[in-house]
Amino acid sequence: MPSFQTSPGTRDILPPDAARWREFNAIFADTVEAAGYGCIIPPMFEDAAVFHRIGEATDVVSKEMYDFQDKGGRHVSLRPEQTASVCRAYAQHRPTTPWKVWYTGPNFRYEKAQAGRYRQFDQVGIEALGVYDSALDVEVIALAWKFYQRLGLLNVQLFINSLGDDGDRERYVEALRNYFLSHADALTPEACQTLNKNPLRVLDSKRQGDAEIIAGAPKITEFLSDSARQHFEEVLEGLRVLGIPFTQNEHLVRGLDYYRRTTFEFVSTALESAQNAVGGGGRYDGLVKDLGGPDTPGIGFALGLDRTLLACDAEGVFGAPSSSVDVFVVDVVDGTYALSVTSELQDAGYSADRAFDARSMKAQMKSADRSGARFAIIIAQDEVARGSYTIRDMTSAQQQLVAKGDLVEFLTRNLGARTPRRHPS
RNA sequence: GUGGGCGUAGCUCAGUUGGUUAGAGCGCCAGGUUGUGGUCCUGGAGGUCGGGGGUUCGAGACCCCUCGUUCACCCCA
């Protein structure tokens with residue numbers, strides 16, 4: 001056993017998996033930037049009070065916060081999500097609206113790890129602030145849907161619900177509380193505890209014993225104001241226009257207290273583990289105001305990177321990219337030729353690797369094979385004397401001599417032209 | 001936080017009712033007429049059996065504690 005290993009709920013993402021993560025983020029960025037969302041990078045920790053706005057009664061705040069006092073006595077917390085940070089950023093910088101941003105990065109929750117759940121977990125997401133229009137709800141949901149499609153996921157189901165406005169939500173919660181209290185003897189003890197903290201979340205119970213009572217509970221739809229109801233209808237109609245299939249679920253309440261009106265969740269039906277929600281989001285029209293900013297509507301979603309990749313595995317799509325270099329330089333002279341040839345080829349835009357420690361030609365060829373390189377460039381005394389290097393095509397095993405000054409031209413002919421990525425001047 | 005399963009080589013795992021120097025496959029390294037990979041053959045390196053305590057003449061096997069991991073609950077992505 002090694003002396004040190006990763007802390008519980010954290011892990012190393014090694015190659016080639018990390019390359020897969022990068023690809024995941026790149027596809028996400030392409031998808032949402034095409035709709036006008038700009039990248040935002042909020043800090044990984046901030047004043048714990050920012051996150052308390054998520055809701056004191058939520059598990060995320062009451063028992064999962066990674067909070068501590070810093071050396072200056074400030075009470076800070078590692079972010080458990082990024083929505084609150086984005087709203088804090090909006091209140092702090094007051095950008096013009098609509099303000100549409102996207103993010104990626106790790107979040108932290110002190111939970112016990114299990115399949116698809118970690119203490120440090122990555123999410124990608126978008127937030128759009130300053131717009132009440134239901135068309136924005138549709139755009140946000142559609143972008144998540146589009147992204148899943150681009151990954152190749154087929155077995156993702158969209159559940160959607162409306163929690164109404166502030167007043168609707170309060171009246172509904174009250175009605176639920178009364179209903180559940182009158183049936184408290186038939187509920188599981190766990191559900192009764194939840195009832196004390198937040199009656200809404202009793203609806204979320206997966207326990208068999210609660211199913212019957214929940215089925216008879218009042219429906220949110222009966223409490224929606226006319227404007228909230230109309231807004232919701234418009235969202236559903238927009239989804240139909242785009243041909244995005246959805247299932248209305250009146251029990252979808254989600255665990256964060258700031259949600260208003262539209263809430264939605266993406267569930268992978270390919271996942272057999274308990275954590276099968278791969279993404280979720282909704283409107284949070286009061287959150288910016290709660291954080292001391294102007295009364296500003298907002299909507300967004302977050303997708304769990306780890307879970308979405310688990311879903312990809314379950315469906316056999318979006319595998320880790322195969323990593324390979326263009327050429328592998330085998331130098332059995334003294335290693336200095338490999339040094340300059342790899343450098344020269346890299347400057348020309350080709351990826352080139354080599355072996356170290358003056359290993360035998362056989363050993364170097366083995367490394368060349370493992371590197372996945374299409375060509376091995378072999379340099380021994382003979383080649384040095386001739387000023388031409390042996391190039392071996394690793395797939396056909398054909399070899400030929402190429403003058404050392406013609407290497408780039410040879411690769412251009414066989415692999416296509418390349419130029420290294422540079423910052424445009 | 002609660003409950004169940006599991007910790008033996010880098011990886012996947014064997015290891016008989018407790019009994020000598022703990023094994024295999026894969027991977028890695030080195031050889032197989034010294035200029036050549038992917039197949040094959042031979043050899044080699046690599047383990048304080050998660051850690052600590054206990055029972056015993058003797059523990060990788062049994063007991064306790066602990067740490068880690070995994071699955072589930074709770075909750076969430």
Side-chain angles (χ1 to χ4, degrees), chain A residues 1-11 14 54-55 57-64 80-83 104-125 144 188-191 193-194 197-198 201-202 204-210 252-256 265-268 271-281 301-311 328 330-333 355 357 359-373 375-384 389-399:
Chain A
M1 278 298 118
S3 305
F4 294 105
Q5 49 186 320
T6 48
S7 294
T10 70
R11 63 248 155 87
L14 305 172
I54 292 168
T58 63
D59 282 15
V60 169
V61 169
S62 64
K63 58 182 211 192
E64 297 168 3
E81 55 138 36
Q82 299 196 229
T83 303
T104 180
N107 305 304
F108 306 84
R109 293 182 195 172
Y110 196 86
E111 301 185 273
K112 200 153 174 183
Q114 70 184 75
R117 195 174 71 185
Y118 304 93
R119 287 185 175 174
Q120 177 178 334
F121 62 102
D122 273 61
Q123 288 182 331
V124 297
T188 60
E190 294 93 332
Q193 282 203 334
T194 310
K197 291 190 292 184
N198 186 342
R201 286 216 304 284
V202 176
D204 241 351
S205 166
K206 291 177 210 158
R207 290 171 292 267
Q208 281 294 320
D210 299 321
L252 177 66
V253 296
R254 308 193 45 73
L256 308 178
E265 190 166 280
F266 297 96
V267 170
S268 167
L271 284 179
E272 307 210 343
S273 52
Q275 315 305 332
N276 60 359
V278 292
F301 66 70
L303 312 183
L305 208 155
D306 318 84
R307 283 186 195 176
T308 304
L309 288 179
L310 285 177
F328 194 95
V330 173
D331 175 350
V332 288
V333 182
D357 293 334
R359 304 218 290 152
S360 69
M361 176 175 282
K362 176 173 175 153
Q364 292 194 46
M365 285 302 294
K366 204 165 181 174
S367 298
D369 187 44
R370 268 199 295 264
S371 75
F375 296 107
I377 298 178
I378 300 167
I379 307 171
Q381 285 300 349
D382 259 22
E383 282 79 1
V384 171
Y389 301 151
T390 298
I391 297 192
R392 180 181 180 88
D393 184 325
M394 296 299 280
T395 51
S396 69
Q398 300 286 308
Q399 295 194 173

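Note on naming: letters A, B, ... go to the chains in the order of the sequence lines (proteins, then strands), and numbering restarts at 1 for each one. No hydrogens, no waters, no symmetry mates; every other heavy atom, side chains included, goes into these values.
- Comparing B:G35, B:C74, B:U2 by their nearest atom to the side chain of A:Lys63 picks out B:C74.
- A:Leu303 comes within contact range of no nucleotide atom at all, as no heavy-atom separation falls under 4.0 Å.
- Nucleotides B:G23 and B:G47 place their P atoms 14 Å apart, quoted to the nearest Å.
- A:Glu111 has its CD atom 11 Å from the P atom of B:C75, to the nearest Å.
- A:Phe375 has its CZ atom 16 Å from the C1' atom of B:U36, to the nearest Å.
- Separation of the P atoms belonging to B:A22 and B:U16 is 15 Å when rounded to the nearest angstrom.
- When the C1' atom is compared between B:C41 and B:G52, the two are found 46 Å apart, to the nearest whole Å.
- Between B:G60 and B:C49, the two P atoms lie 7 Å apart (nearest whole Å).
- For the pair A:Ile378 CD1 and B:G35 P, the computed distance is 13 Å after rounding to whole Å.
- Between the CD atom of A:Gln364 and the C1' atom of B:U36 there is a distance of 10 Å, rounded to whole Å.
- Judged purely by atom type and a 3.5 angstrom limit, A:Arg117 uses its side chain to pair as donor or acceptor with the backbone of A:Lys112.
- In this model, the phosphate group of B:A72 is not approached by any side-chain N or O of A:Arg117 to a distance below 4.0 Å at OP1 or OP2.
- One N or O donor and one acceptor, one from the side chain of A:Gln399 and one from the base of B:U36, sit under 3.5 Å apart.
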- Item | For RNA chain B, the dot-bracket pattern of Watson-Crick and G-U pairs whose distances stay under 3.5 Å, | for other-strand partners | (((((((..((((.....[...)))).(((((.......))))).....(((((..]....))))))))))))....

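- Within the 4.0 angstrom heavy-atom criterion, only backbone atoms of the sugar-phosphate kind lie near A:Arg359; the bases stay farther away.
- The same atom, C1', is picked in B:U12 and in B:C28; the two are 16 Å apart, to the nearest Å.
- Shown here are the ring-ring contact (aromatic ring centres under 6.0 Å, His included) partners of A:Tyr389, two or more places apart in sequence or in another chain: there are none.
- Atom C1' of nucleotide B:G35 and atom CD of A:Gln381 are separated by 11 Å, given to the nearest angstrom.
- For the pair A:Met365 and A:Met394, the minimum side-chain heavy-atom distance is below 4.5 Å.
- For the C1' atoms, the distance from B:C26 to B:A45 is 16 Å, rounded to whole Å.
- Heavy atoms of A:Thr308 sit nowhere under 4.0 angstrom from any nucleic acid atom.
- For the pair A:Gln364 (side chain) and A:Asp331 (backbone), a donor-acceptor distance under 3.5 Å is present.
- The side chain of A:Ala380 approaches B:G35 more closely than any other nucleotide in the set B:A77, B:G35, B:U70.
- Counting any heavy atom pair closer than 4.0 Å across all strands shown, A:Tyr118 reaches a base atom.
- The gap from the C1' atom of B:A14 to that of B:G7 amounts to 15 Å, rounded to the nearest Å.
- Between the CD atom of A:Gln114 and the C1' atom of B:G68 there is a distance of 17 Å, rounded to whole Å.
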Under 3.5 Å, which protein N or O atoms sit close to an N or O of nucleotides 38-43 of chain B? Give each pair with its distance.
{"from": "B:G38", "atom 1": "O4'", "to": "A:Asp369", "atom 2": "OD2", "distance (Å)": "3.0"}

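- In the set B:A72, B:G68, B:C75, B:G68 carries the atom at the smallest distance from any side-chain atom of A:Gln5.
- Note that CG of A:Asp306 is 4.5 Å distant from CZ of A:Arg11, once rounded to the nearest 0.5 Å.
- Atom-to-atom distance recorded for A:Asp59:CG and A:Tyr110:OH is 15.0 Å, nearest 0.5 angstrom.
- The distance from atom CD1 of A:Ile54 to atom P of B:C75 is 17 Å, rounded to the nearest whole Å.
- A sub-4.0 Å separation between OP1 or OP2 of B:C75 and a side-chain N or O of A:Arg119 is absent.
- Across all strands, A:Ala368 comes closer than 4.0 Å to no nucleic acid atom at all (heavy-atom distances).
- Looking only at side-chain heavy atoms (C-beta outward), A:Phe328 and A:Ile377 stay at 4.5 Å or farther from each other.
- Nucleic acid contact class of A:Gly116 (heavy atoms, under 4.0 Å, all strands): base.
- In this model, no side-chain donor or acceptor of A:Gln82 finds a partner on the base of B:A77 within 3.5 Å.
- Between the C1' atom of B:U70 and the CZ atom of A:Arg11 lies a distance of 14 Å, rounded to the nearest Å.
- Contacts of A:Pro80 with the nucleic acid, taken as non-hydrogen atoms under 4.0 Å apart, are absent.
- Closest to the side chain of A:Arg370, from the set B:C28, B:A72, B:G35, is B:C28.
- Relative to the six-membered ring of A:Phe108, A:Arg119 misses at least one condition, a distance below 6.0 Å or an angle of at most 45° to the axis.
- Remark: the separation of the C1' atoms in B:G50 and B:U69 is 10 Å, to the nearest Å.
- Contact annotation: the side chain of A:Glu81 approaches that of A:Ile54 to within less than 4.5 Å [non-hydrogen atoms, C-beta and beyond].
- To the nearest 0.5 Å, atom OG1 of residue A:Thr104 and atom CG of residue A:Leu303 are 10.0 Å apart.
- The 5' end of RNA chain B is approached more closely, in terms of each residue's nearest nucleotide, by A:Ala113 than by the other of A:Val278 and A:Ala113.
- Here B:C75 is the nucleotide among B:C71, B:A77, B:C75 with the atom lying nearest to any side-chain atom of A:Glu64.
- Here the side chain of A:Ser7 pairs no donor or acceptor atom with the backbone of A:Thr10 at under 3.5 angstrom.
- Residue A:Tyr110 is the one, among A:Tyr110 and A:Ser7, whose nearest nucleotide of RNA chain B lies closer to the 5' end (criterion: closest heavy atom).
- Side-chain proximity of A:Arg201 to B:G35, B:U36, B:C75: nearest is B:C75.
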- Query: When you look at A:Leu271 and A:Val278, which way does the side-chain contact (heavy atoms from CB on, under 4.5 Å) test go after all the steps?
  - Reply: CA-CA 10 Å; A:Leu271 284 179; A:Val278 292; 4.2 Å; yes

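- Between the CZ atom in A:Phe375 and the CD atom in A:Gln398 there is a gap of 11.0 Å [rounded to 0.5 Å].
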